[in-house]
There are 2 protein chains.
Amino acid sequence: MPRVSQAHLDARRLQIVDAARARFASHGFARTSMADIVAESGLSNGAIYRYFTSKDEIVVAVCEQGTEALPNALTTEAVAGFLEHVRVRARDTDHARLVAQIYAEAAVSPQLAVIVRQQLAAGRAAIAELVPERRRAHAGQIAEAFVALCASYSQQIAIRGDVEPAPFVAALMAIIEG
Amino acid sequence: MPRVSQAHLDARRLQIVDAARARFASHGFARTSMADIVAESGLSNGAIYRYFTSKDEIVVAVCEQGTEALPNALTTEAVAGFLEHVRVRARDTDHARLVAQIYAEAAVSPQLAVIVRQQLAAGRAAIAELVPERRRAHAGQIAEAFVALCASYSQQIAIRGDVEPAPFVAALMAIIEG
DNA sequence: ATAAAAAGAGTGACCCCTCGCTTTACTTGA
DNA sequence: TCAAGTAAAGCGAGGGGTCACTCTTTTTAT
């Protein structure tokens, strides 16, 4: 299609990223071939390389939208609302698996580490805002433990296969409310 | 060398696993080729395949000895001693990176998931033993949060690059001692 | 009509593993 | 005591196959 709308281009790009994310979550980055992404997206090899110049670029795109969902852009929400958000995410086993892949790759790739680090920093800042007044002195420390707990719970879920976030949420509340 | 001692065979096997673990930690499983392991170990290609039938088998061997170090075989130690142990481990960035790789692979490979699951279960049981009498009712829940925190801290360290376990240890103490 | 977009067979590099050969430690018979 | 024999351990080049990426051709929206 020549001279298509920007909306069309955006949709195609998202179509590729969605397909890649699904495969990355279930099989990992390395075990996902470009052929897999081609098949999952329903597009062709050549079409994908029109939107991304390499597989690595697709990995970056997936990571950029992959970790933001956990603790981000929620400064106006209440603590309870955020916990519900975490609970829902925690039930999403595919998302947990994806996060596991992202952390592992970031541990090895400096480029990805920068991206993940930025998103974690934003998450910590948002959480620190949620800490009650009387504990504000320890806000940074609490945010640290909070993000750590979120991240690790994803790992746990991904490995265990079952999802029971109740004790997790209880632990979070204990940390936040003291 | 034919008819060598069992100690020799064990040493060779360990030599291979050590070489593989070093590479796996710094480059990840997929980005480590057999040629890398050959070079790092100082042995030859053929020699390695005399001890392991496949690269996957080496991965399994590394995982089996890779996660056990975190919370295991410490039932007789005091809480303080265990926390010191965690603190030392937490400073070992390579170990943190390795754990990230192991979790990611376990999230995708059922075979590895079984191994990691067993080791986590053993860790939880050991931690539950350390919980003070008055909080025994919540021992399971605490152990859950504890292991989660340990695991995630490894991820965090691997991604951030710097290592400052103080707030982490403080959070652990808060959970255990209430 | 035209130019962008999609298609998909092709390409070269890389990687895991095998296989035939060499080296070495131990045994044995005189 | 020792030389010949034996079998395990070590070696490394090559085969078979996969993968990321390219390039030419075809399609299609404007």
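Keep in mind the model is a prediction, meaning the values are calculated, not measured. Just so it is clear: chains get the letters A, B, ... in the order the sequence lines come, proteins before strands, and each one is counted from 1.
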What is the distance from CZ of A:Phe52 to P of C:dA5, rounded to the nearest Å? 15 Å
Identify whether any heavy atom of A:Ser54 sits under 4.0 Å from a base atom; if not, whether one sits that close to sugar-phosphate; answer base, sugar-phosphate or nothing. sugar-phosphate
Please give me the minimum heavy-atom distance between A:Phe29 and A:Gln101, naming the atom from each residue. CE1-O, 3.4 Å
If each of B:Asn45 and B:Leu9 is mapped to the nucleotide of DNA chain D with the nearest heavy atom, which maps nearer the 5' terminus, i.e. the 5' end? B:Leu9
Tell me the closest heavy-atom pair linking B:Ala104 and A:Ala100, and the distance in Å. CB-O, 3.5 Å
For A:Arg31 and C:dC15, give me the distance from atom CZ to atom P, rounded to whole Å. 15 Å
Taking only the side-chain nitrogens and oxygens of B:His8, find out if one of them lies under 4.0 Å from OP1 or OP2 of C:dT24. no
Which part of the nucleic acid, if any, lies within contact of A:Ser5, taking any heavy atom under 4.0 Å across all strands shown: a base, the sugar-phosphate backbone alone, or nothing? nothing
Does the side chain of B:Glu57 pick up a donor-acceptor pair with the side chain of B:Thr53 at under 3.5 Å? yes
Measure the distance from CD on B:Gln6 to P on C:dC26 and round it to the nearest whole Å. 14 Å
Inter-residue atom distance A:Ser109.OG - B:Ile159.CD1, 0.5 Å rounding: 11.0 Å
Measure the distance from CZ on B:Arg50 to P on C:dC17 and round it to the nearest whole Å. 16 Å
Round to the nearest Å and state the distance from A:Ile48 atom CD1 to D:dC19 atom P. 15 Å
Would you sort out whether A:Val108 and B:Ser26 count as a side-chain contact (heavy atoms from CB on, under 4.5 Å), showing the intermediate values? CA-CA 6 Å; A:Val108 156; B:Ser26 62; over 6 Å; no
Tell me: CD of B:Glu57 to P of C:dC17, nearest whole Å? 10 Å
If only side-chain N and O atoms of A:Tyr51 are considered, is one of them under 4.0 Å from the OP1 or OP2 phosphate oxygen of C:dA6? yes
Nearest whole angstrom, please: distance from the P of C:dA13 to the CE of A:Met34. 20 Å
Whole angstroms only, please: what is the CG-C1' distance between A:Leu43 and C:dA7? 10 Å
5′-ward residue of the pair B:Gly46/A:Gly46 relative to DNA chain D: B:Gly46
Would you tell me if any nitrogen or oxygen in the side chain of A:Arg12 comes within less than 4.0 Å of OP1 or OP2 on C:dA6? yes
Which residue lies more 5' along DNA chain C, comparing A:Gly42 with B:Lys55 via nearest heavy atoms: A:Gly42
Counting only side-chain N and O atoms of A:Ser44, is one of them less than 4.0 Å from OP1 or OP2 of C:dA6? no
